[in-house]
2 protein chains.
Amino acid sequence: MDKSNINTYFHSLFPIPEPVVEKITATFCPFTLEKNTVLLDKDTISTKTYFLEQGYVRSYILNEDNEEVTTNIYTAPCFVNDFLSFFKKQPTKEVYQTLTDCTFWETNFDNVQANFHNITEFREFSRLLFVINYYKLNDRLIEMASQKAETRYLNLLKVQPHIFQHVPLKIIASYLGITDSSLSRIRKEISKM
Amino acid sequence: MDKSNINTYFHSLFPIPEPVVEKITATFCPFTLEKNTVLLDKDTISTKTYFLEQGYVRSYILNEDNEEVTTNIYTAPCFVNDFLSFFKKQPTKEVYQTLTDCTFWETNFDNVQANFHNITEFREFSRLLFVINYYKLNDRLIEMASQKAETRYLNLLKVQPHIFQHVPLKIIASYLGITDSSLSRIRKEISKM
DNA sequence: GTAATTTCTTGTCATTTATCAAGTGACTAA
DNA sequence: TTAGTCACTTGATAAATGACAAGAAATTAC
């Protein structure tokens, strides 16, 4: 039960005294999932917060044609949460699935709630987590609206090169908002240069 | 100083006893801005939280070619905030500008902070605001990645028809991630049917 | 280790959207 | 009132990306 990775993650976002972090993570339980396992299925209500310690996870929706559209790719270490489902207790629209073997820590809503209302530093941390996630999403939206696929691909390659070692291209393509054929052609073009 | 609109907005998101809402909004000050005025400029640090009581506001960035890309359109009543700038005290990347004459209420960081740590209901409210904003952004991202411009236009027309009465088409086009010429053609196509 | 399945690439062609330029109508300022 | 600006439309053409199908390469399952 080595929680050093979670604890480090907390410290990295917000300065928190060691004993406080330990109190926050006291209720976190570890578990592992194999590659291609569903962590949280659609139309269910998320009752847990997940900390992804090792591995890759994606979320995806099924569109009108029942095709999977990847909405997010999560890279450890990070929290994986369906905010709407977890905090508003609504069914998820998205499926959360492991892309590699993964190790997680989880805790439930009541624990999060107790920490949120009782521990000043956890409140700040939580808010910061929202701010950062919102900001990342906003950046991706701007990218999607204002840059062409090739630019988005090159940017992902620059910022998260390791993703390409662990995630199939068809999933990356759908995350970039294009088809796998288009991504293949873009890669071919770039390799020529 | 009639705060009934803010108070109603608080109640609509989260059940809060009247005296608590009044305590929360006690520090809010009203002000008005004319059409096409900058509320929050880029490269500045946001020191206020704004509640938009009446009117329309947009945020936009300038891309590499110095063209304005509209990132969000805010419709009263709602909070208008640059989360990253306000909470992490970083310079904004976006410009926030009124699209019509607007009335606002504002309060500063210290007040938000005091309420956040002292008032349980405000904590819940704040978190809910983040959850909802995150969810909206996520929905837009999915739309942008998986649906064509015409579908996105029709959806906006269905969900927020009033925007079309108050916001120039060129701004709506850029919000939809397309050029104004394309939007014009899409509208022409649809009107034929 | 071989068959089955999945992923990736590539070809052809169609669709969507952008670019650029010109023109119209509406609003604005002196 | 008149010139100037801005929003919108439209035309011609080009660029970006998608759809579908076939085959190659990689991975998985037994």
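Within every chain, numbering begins at 1; the chains are lettered A, B, ... in the order of the sequence lines, protein sequences first and strands thereafter.
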- Message: Please tell me if A/S182 has a side-chain N or O lying less than 4.0 Å from either OP1 or OP2 of D/dT17.
- Response: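 So the side chain of A/S182 is outside the cut-off, no N or O lying under 4.0 Å from OP1 or OP2 of D/dT17.
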- Query: Whole Å only: how far is the NZ atom of A/K170 from the C1' atom of C/dT9?
  - Reply: 14 Å
- Item | Between P of C/dT9 and CD1 of A/I186, the distance in whole Å | 12 Å
- Message: When you measure from the centre of the six-membered ring of A/F109, is the NZ or CZ of A/K89 closer than 6.0 Å and no more than 45° off the axis?
- Response: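 Flagged: A/K89 positioned over aromatic ring of A/F109.
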- Message: Check this one for me: any side-chain N or O of B/K188 less than 4.0 Å away from OP1 or OP2 of D/dG11?
- Response: yes
- Starting from C1' on C/dT17, measure out to CZ on B/R185 and report it in whole angstrom.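 To the nearest whole Å, that distance equals 9 Å.
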- Message: Taking donor-acceptor contacts at under 3.5 Å, does the side chain of B/R152 reach the base of C/dT17?
- Response: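 Donor-acceptor pair under 3.5 Å: no.
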- Query: For the side chain of A/K148, counting heavy atoms from C-beta on, which of D/dT9, D/dA16, C/dT16 is nearest?
  - Reply: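 Per side-chain heavy atoms of A/K148, the pick is D/dA16.
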- Message: Nearest whole Å is fine: how far is D/dA7 C1' from B/H166 NE2?
- Response: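 Taking NE2 of B/H166 and C1' of D/dA7, I get 17 Å after rounding.
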- Fit a plane to each ring of A/F104 and A/F31, take the angle between them on a 0 to 90° scale, and name the class: parallel (under 30°), tilted (30 to 60°) or perpendicular (over 60°).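 Judged by the thresholds at 30° and 60°, the geometry between A/F104 and A/F31 is parallel.
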- Query: Between D/dG18 and A/T179, is there an OP1 or OP2 to side-chain N/O distance shorter than 4.0 Å?
  - Reply: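 Answer yes for this pair, as a side-chain N or O of A/T179 is under 4.0 Å from OP1 or OP2.
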- Item | Rounded distance in Å - CG (A/L99) to C1' (C/dT6) |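 A/L99 atom CG is separated from C/dT6 atom C1' by 15 Å.
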- Message: Please pick, from C/dT7, C/dA18, D/dG18, the nucleotide with the shortest atom-to-atom distance to any side-chain atom of A/I178.
- Response: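 Of the candidates, D/dG18 comes closest.
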- Task: Side chain of A/L169 only, please: which of C/dC20, C/dT17, C/dT9 is the nearest?
- Result: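 Output: C/dT9.
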- Which whole-number value in Å describes the distance from A/E67 CD to D/dC20 C1'?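 Distance check: A/E67 CD to D/dC20 C1' gives 12 Å.
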- Message: Output the rounded distance in Å from CD (A/E189) to C1' (D/dA16).
- Response: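 A/E189 atom CD is separated from D/dA16 atom C1' by 12 Å.
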- With under 30° as parallel and over 60° as perpendicular, where do the rings of A/F28 and A/F79 fit, or are they tilted in between? perpendicular
- For A/K35 and D/dA26, give me the distance from atom NZ to atom C1', rounded to whole Å.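 A/K35 atom NZ is separated from D/dA26 atom C1' by 11 Å.
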- Query: Around atom CD of B/Q54, are there more than 12 heavy atoms of other residues, nucleotides or ligands at under 6.0 Å?
  - Reply: no
- Quick one: does A/T44's side chain have a donor or acceptor within less than 3.5 Å of a partner on A/T92's backbone?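 No: the side chain of A/T44 does not pair with the backbone of A/T92.
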